[in-house]
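The sequence lines fix the lettering, A, B, ..., with proteins before strands; numbering per chain opens at 1. Side-chain atoms are counted along with the backbone in the values below, which use heavy atoms only and exclude waters and symmetry mates.
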Amino acid sequence: MSISKTYQPQEAEAKWYNYWLTNGFFKSLPDEREPYTIVIPPPNVTGVLHMGHMLNNTIQDVLIRRARMQGKNACWVPGTDHASIATEAKVVALLKEQGISKKDLTRDEFLKHAWVWKEKYGGIILEQLKKLGASCDWDRTRFTMEDDLSDAVIDTFIHLYKKGWIYRGVRMVNWDPQGKTAVSDEEVIRKEVNQKLYYINYPVVGEEAHVTIATTRPETIMADAAVFVNPNDERYLHLHGKSVYIPLVNREIPIKTDEYVTMDFGTGCLKVTPAHDLNDYELGQKHGLQVIDILNDDGSLNDLAQILVGEDRFAARKKIAVLLQEAGVLEKVEEYKSQVGFSERTDAVIEPRLSMQWFCKMDQMAKPALADVLNGDVKLIPEKFVNTYRHWMENVQDWCISRQLWWGQRIPAWYLPNGKFVVAKTAEEALEEAKQLSPDNAQLTIADLRQEEDVVDTWFSSWLWPISVFNGFKNPDGADINYYYPTNDLVTAPEILFFWVARMIMAGHEFRGQKPFTNVYLTGIVRDKLGRKMSKSLGNSPDPLALIEKFSADGVRVGILLSSPAGNDLMFDDSYCEQGRNFANKVLNAFRLLKGWEVDESLENTNQVAIDWFASRFNEALKEIEENFSQYRLSEALMATYKLVWDDFCAWYLEMIKPAYQQPIDSATYKATITFFEDVLKLLHPFMPFITEELWHDEIFGMRNERDCCIVAKMPVVGQINPQVLIEVEAVKQIISGIRNIRNSKQISPKEVLQLSLKANSAVNYTAYLPMVIKLGNIGTIDFVNEQVSGAASFMVLTDEFYIPLAENIDPVAETERLQKEMEYLNGFLKSVNAKLGNERFMQNAKPDIIENEQKKRADAEAKLKLIQDSLTALAG
RNA sequence: GGGAGCUUAGCUCAGCUGGUUCAGAGCAUCUGCCUUACAAGCAGAGGGUCACUGGUUCGAACCCAGUAGCUCCCA
């Protein structure tokens with residue numbers, strides 16, 4: 001059977017993914033082993049796989065596969081998030097295409113459509129993750145709006161309400177007057193817009209004077225509650241304590257002072273309209289101002305405006321400018337640029353609007369969540385996020401949990417005819433509650449109760465995720481929750497450190513008395529190579545599945561991990577995936593070499609030194625890789641693996657032991673090499689699951705039974721490291737490089753056999769390594785000499801001298817120059833070392849081992865210098 | 001406006017508690033090779049005033065202060 005020279009992944013990927021599934025390798029049930037658990041950050045049901053998911057889930061899969069191979073009971077729970085706002089928008093848009101308006105549907109009818117949509121599109125991402133190789137326990141797939149999880153949301157709402165931690169209150173929201181709904185900050189697109197700044201005179205009460213305010217929104221003057229100046233503004237000291245009339249409506253409002261006012265913006269006088277501006281609202285709260293809301297929910301003016309009633313806000317703006325002009329109070333109009341928010345969904349200008357919302361108190365729950373991170377019970381990786389986290393948690397604001405939507409868990413509050421409300425799980429329970437509230441309610445029936453229309457924020461269900469996926473609410477003492485909770489690692493994006501991570505920690509303490517996870521690995525943002533965020537509108541995001549098609553799943557996994565240190569954004573480029581694919585190809589070709597060997601039992605093993613060296617080198621690298629993993633430096637763990645495989649195993653070890661073309665290999669070397677290769681496959685598996693599994697099952701490894709798979713192979717553990725052999729082979733590699741370098745610079749073909757003379761000065765015994773040098777340097781004979789060899793190309797390794805006689809090719813002038821350059825360098829080096837050793841304060845302050853080291857450096861440099869000097873003398877002579 | 005962080009080779013990044021020839025890795029570049037595992041490759045080479053300016057220290061990429069530029073988060 002001939003094996004392709006290049007890796008053909010498509011078939012292997014489908015084959016092995018199915019094989020793993022059929023054999024249940026992703027499944028996890030509680031047992032006596034140590035658990036290792038990850039819950040997926042549930043992707044939105046509206047989403048399709050993007051590069052951020054690729055990064056995030058590759059990391060999770062690497063972690064989970066590694067844990068599985070370490071013998072832990074690895075459980076990766078997948079699922080999706082119902083994403084209220086995004087999904088509802090999608091469904092509304094789809095219905096619109098079908099000529100159906102949401103207004104014409106009942107809540108239940110709409111939800112039916114939404115569920116149909118969810119069933120059809122909601123699982124796309126999870127299916128796509130399978131192409132990446134994600135080894136989730138698919139039997140555990142959850143959805144944030146399925147019955148059990150929704151029950152948990154309702155129950156926890158009631159729990160918190162009874163604790164007094166949920167309340168209703170007024171809040172400024174981003175109102176979309178066209179969609180007639182509040183939208184979240186994330187759905188507001190800020191754009192710079194050309195506007196006009198109107199300067200309007202407000203007459204001062206009881207005086208002939210007036211003050212001039214500057215505003216971009218003259219149509220809101222009727223809602224003004226005060227005029228503010230900065231208390232330090234000397235221009236207006238005389239106005240403190242006075243009041244003014246609002247033009248056109250002649251309502252009297254006070255002049256107040258606050259340092260919030262910027263003196264050099266506009267006139268330094270600020271009209272404050274608490275109902276229609278967030279900053280004004282806060283200022284109003286601070287100073288106890290009246291709130292006058294003059295807008296209807298469609299953006300038109302209401303009766304409270306007194307004038308221009310019924311006009312749209314923008315029409316009103318134009319008209320009031322004329323009215324002000326006519327009244328002679330419009331001082332001037334300037335052009336002005338400022339940021340205006342637009343609704344992502346309707347492109348309407350967002351109106352800051354006060355509305356009654358539900359809130360969850362955060363102060364009590366924030367305490368243990370902050371403590372966990374500060375005392376290290378929950379580790380944020382990288383650590384730099386601890387500061388950000390602390391800052392947020394120390395200034396935490398109450399959480400607005402209501403949304404004016406239908407797709408989500410409906411708030412379990414029922415309003416009574418008298419305007420009061422009760423919170424209960426069902427209408428029946430609500431009725432009971434109501435009756436107990438007051439004897440007046442005795443005659444009420446369920447029909448008299450009206451359930452709150454709003455649903456809870458999606459985060460109010462996802463904050464329960466690590467508990468609810470293990471049925472921790474339905475069955476608080478169940479085997480699953482007791483075994484898997486707290487989970488081990490969470491891999492997510494820093495953008496949602498507060499929205500999600502912090503709240504999960506709060507929920508963990510509140511509902512389980514325990515943190516939800518130990519480590520939080522925060523990934524960076526995937527950007528294009530120009531550093532721009534990947535986005536649909538820029539079209540700069542590659543299609544992940546196309547990438548997999550082109551570079552293989554293994555290649556893409558390697559590519560995306562290579563340059564993604566924790567918390568750093570990664571500048572993604574296809575070339576990383578190409579590097580990954582090339583690496584897979586390298587592994588395949590190493591395999592092809594092994595596969596082609598014939599074993600001759602009668603041959604004696606001449607490669608023991610190489611075998612000993614690679615065994616040590618493997619363990620050394622393994623140790624480094626484990627250290628990288630323990631610090632979650634995945635890209636470095638991968639790079640260390642990459643170099644071990646490519647450089648040490650392929651470029652050095654295989655070349656050392658490789659028999660001549662079509663010659664057989666001895667069985668001891670063969671066996672050792674097969675074992676090494678098997679270990680290499682294991683080490684690679686978490687990064688490149690498909691090719692490793694494919695090769696794992698080849699007959700060169702002997703018979704394997706059905707469940708003997710790389711995915712569940714035992715990860716190698718660090719064994720003996722022989723430092724001496726590592727150091728000596730390092731020297732040998734330098735000798736071989738020296739020979740190759742001479743070939744290259746003298747343009748000597750690698751095929752031409754060269755002679756090597758060695759003048760040994762160091763303690764290294766090269767005898768055992770000479771066959772290696774002969775083979776990899778293509779050397780005929782090596783002789784030991786006691787004198788320098790003249791007319792030969794030379795180089796030095798440690799303090800040993802090597803000569804390759806090339807009489808006709810040697811240029812004594814160039815050689816002299818080379819040696820002088822090196823001598824110059826060494827002299828400089830020696831000077832700096834001597835400066836240290838000659839410095840009394842250095843000798844006093846530096847640690848003894850550092851001084852010793854400097855002394856050794858001096859001795860080495862002096863020895864080398866002497867040798868170079870001798871060579872120079874020889875050349876001159 | 002408040003907070004956090006970044007600046008090291010052409011690019012992406014390591015560089016731990018200041019002390020090896022500490023200035024590194026991968027990719028890219030250049031040179032020479034189709035040497036039967038691999039041209040998706042092999043061998044070799046070049047490349048940096050560690051943003052700038054001061055300070056602390058026997059010694060600074062690393063500590064401190066300032067300057068410039070960039071990024072993110074909160075309002």
Side-chain angles (χ1 to χ4, degrees), chain A residues 3-7 185 260 262 278-279 282 382 384-392 394-397 494-495 497-498 524-525 527 529-531 551-552 555 559 562-565 567-573 575-576 578-597 627-628 631 633 635-636 638-640 642-643 646 650-651 654-655 658 660-662 736-745 747-751 776 778 825-826 828-830 832-833 835-847 849-854 856-857 860-861 864:
Chain A
I3 307 156
S4 169
K5 281 184 179 185
T6 49
Y7 180 45
D185 288 345
Y260 166 78
T262 313
L278 180 57
N279 294 314
E282 282 170 3
K384 66 179 175 185
F385 287 106
V386 172
N387 283 335
T388 328
Y389 183 86
R390 175 175 42 207
H391 183 253
W392 192 75
E394 283 173 350
N395 299 285
V396 67
Q397 301 200 345
E495 296 105 276
L497 181 58
F498 313 134
I525 297 165
R527 298 174 178 277
K529 64 177 169 185
L530 299 174
F551 297 111
S552 81
L562 269 177
S563 67
S564 60
N568 275 11
D569 288 0
L570 81 104
M571 310 299 160
F572 181 80
D573 188 60
S575 65
Y576 289 116
E578 192 181 343
Q579 195 183 346
R581 179 201 61 181
N582 294 354
F583 184 43
N585 197 43
K586 186 74 188 174
V587 174
L588 178 81
N589 279 296
F591 164 79
R592 289 179 61 226
L593 178 65
L594 268 64
K595 176 92 175 159
W597 284 337
E627 278 164 11
N628 285 327
Q631 294 170 75
R633 298 171 166 217
S635 62
E636 286 179 51
L638 171 57
M639 186 45 70
Y642 179 96
K643 286 196 276 194
W646 199 308
C650 294
L654 289 179
E655 294 298 332
K658 184 162 93 176
Y661 182 54
Q662 290 191 331
I736 292 160
S737 290
I739 296 165
R740 286 170 175 171
N741 195 1
I742 284 168
R743 282 186 192 278
N744 246 301
S745 60
Q747 311 223 331
I748 301 166
S749 160
K751 287 175 181 166
L776 299 188
N778 195 16
Y825 175 77
L826 277 169
F829 175 65
L830 189 61
S832 79
V833 174
K836 281 188 200 174
L837 289 170
N839 184 322
E840 268 178 48
R841 305 184 68 173
F842 173 77
M843 299 304 281
Q844 277 165 15
N845 295 327
K847 284 178 227 144
D849 57 319
I850 285 163
I851 294 176
E852 202 178 307
N853 207 345
E854 293 296 320
K856 186 172 171 296
K857 274 156 69 179
D860 285 353
K864 277 195 176 183

Which nucleotide in the list [options] gets nearest to the side chain of [X]?
X: A/Asn585; options: B/G26, B/A37, B/A40; answer: B/A40
X: A/Ala590; options: B/A4, B/U35, B/A37; answer: B/A37
X: A/Tyr661; options: B/U36, B/G5, B/A40; answer: B/U36
X: A/Arg841; options: B/U35, B/G26, B/U57; answer: B/U57
X: A/Arg740; options: B/C42, B/G5, B/A43; answer: B/A43
X: A/Ser737; options: B/G26, B/G19, B/G44; answer: B/G44
X: A/Arg633; options: B/G41, B/G15, B/G26; answer: B/G15
X: A/His391; options: B/G3, B/A40, B/A25; answer: B/G3
X: A/Glu655; options: B/A40, B/C38, B/G19; answer: B/C38
X: A/Gln579; options: B/C58, B/C27, B/A45; answer: B/C27

Mind checking [X] for me? I need base, sugar-phosphate or nothing, with any heavy atom below 4.0 Å counting as a touch.
X: A/Lys586; value: base
X: A/Phe498; value: sugar-phosphate
X: A/Ser745; value: nothing
X: A/Ser575; value: nothing
X: A/Phe591; value: nothing
X: A/Leu497; value: nothing

Would you measure the distance from the [atom1] atom in [N] across to the matching atom in [M] and give it in whole Å?
N: B/G55; M: B/G48; atom1: C1'; result: 25 Å
N: B/C13; M: B/U56; atom1: C1'; result: 30 Å
N: B/U49; M: B/U12; atom1: C1'; result: 22 Å
N: B/U29; M: B/A65; atom1: P; result: 43 Å
N: B/C27; M: B/G41; atom1: C1'; result: 16 Å
N: B/G18; M: B/U57; atom1: C1'; result: 9 Å
N: B/A39; M: B/C33; atom1: C1'; result: 10 Å
N: B/U17; M: B/C63; atom1: C1'; result: 12 Å

So, is [X] near the phosphate of [N], with a side-chain N or O under 4.0 Å from OP1 or OP2?
X: A/Lys384; N: B/C6; result: no
X: A/Tyr642; N: B/A25; result: no
X: A/Asn582; N: B/G41; result: yes
X: A/Lys658; N: B/A37; result: yes
X: A/Lys5; N: B/C38; result: yes
X: A/Asn744; N: B/A45; result: no
X: A/Ser749; N: B/U35; result: no
X: A/Trp646; N: B/C42; result: yes

Tell me: [atom1] of [X] to [atom2] of [N], nearest whole Å?
X: A/Met571; N: B/C11; atom1: CE; atom2: P; answer: 12 Å
X: A/Ile742; N: B/A43; atom1: CD1; atom2: P; answer: 17 Å
X: A/Leu830; N: B/U20; atom1: CG; atom2: C1'; answer: 15 Å
X: A/Asn387; N: B/C72; atom1: CG; atom2: P; answer: 19 Å
X: A/Ile739; N: B/U35; atom1: CD1; atom2: P; answer: 21 Å
X: A/Lys751; N: B/C42; atom1: NZ; atom2: P; answer: 18 Å
X: A/Asn839; N: B/C58; atom1: CG; atom2: P; answer: 8 Å
X: A/Gln631; N: B/C16; atom1: CD; atom2: C1'; answer: 8 Å

Open item on the list: Does A/Cys650 form a side-chain contact (heavy atoms from CB on, under 4.5 Å) with A/Lys586? I'd like the steps, not just the answer.
Closed with: CA-CA 8 Å; A/Cys650 294; A/Lys586 186 74 188 174; 3.6 Å; yes

Task: Nearest-nucleotide 5' precedence on RNA chain B, A/Arg527 against A/Ala651 - done: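 Nearer the 5' end of the strand: A/Ala651.
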
Task: A/Asn589 or A/Val833, whichever maps to the more 5' nucleotide of RNA chain B - done: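 Nearest nucleotide further toward 5': that of A/Val833.
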
Open item on the list: Around atom CD of A/Gln747, are there more than 12 heavy atoms from other residues, nucleotides or ligands closer than 6.0 Å?
Closed with: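 No - once you tally the heavy atoms of other residues, nucleotides and ligands closer than 6.0 Å, there are 12 at most.
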
For the atom pair [atom1] ([X]) and [atom2] ([Y]), what is the distance rounded to the nearest 0.5 Å?
X: A/Glu578; Y: A/Asn585; atom1: CD; atom2: CG; answer: 11.5 Å
X: A/Asn741; Y: A/Arg743; atom1: CG; atom2: CZ; answer: 12.0 Å
X: A/Leu837; Y: A/Met843; atom1: CG; atom2: CE; answer: 5.5 Å

Task: Nearest heavy-atom neighbours spanning A/Leu654 and A/Ala590 - done: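 Taking every non-hydrogen atom into account, CD1-CB, 3.9 Å.
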
- [ ] Please report the shortest heavy-atom distance between A/Lys658 and A/Trp597, naming the atom on each side.
- [x]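 Taking A/Lys658 first and A/Trp597 second, the nearest heavy atoms are CA-CZ2, 4.1 Å.
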
TODO: Check step by step if side-chain contact (heavy atoms from CB on, under 4.5 Å) holds for A/Phe842 and A/Ile851.
DONE: CA-CA 8 Å; A/Phe842 173 77; A/Ile851 294 176; 4.0 Å; yes

Complementary nucleotide for [N] - Watson-Crick or wobble, under 3.5 Å:
N: B/U20; answer: none
N: B/A37; answer: none
N: B/G69; answer: B/C6
N: B/C30; answer: B/G44
N: B/U12; answer: B/A25
N: B/A60; answer: none

Task: A/Lys864 and A/Asp860 ion-paired at < 4.0 Å - done: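 No, no charged N to carboxylate O under 4.0 Å.
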
- [ ] Please test A/Arg740 against A/Leu776 for side-chain contact (heavy atoms from CB on, under 4.5 Å), starting from the C-alpha separation and ending with a verdict.
- [x] CA-CA 9 Å; A/Arg740 286 170 175 171; A/Leu776 299 188; 4.1 Å; yes

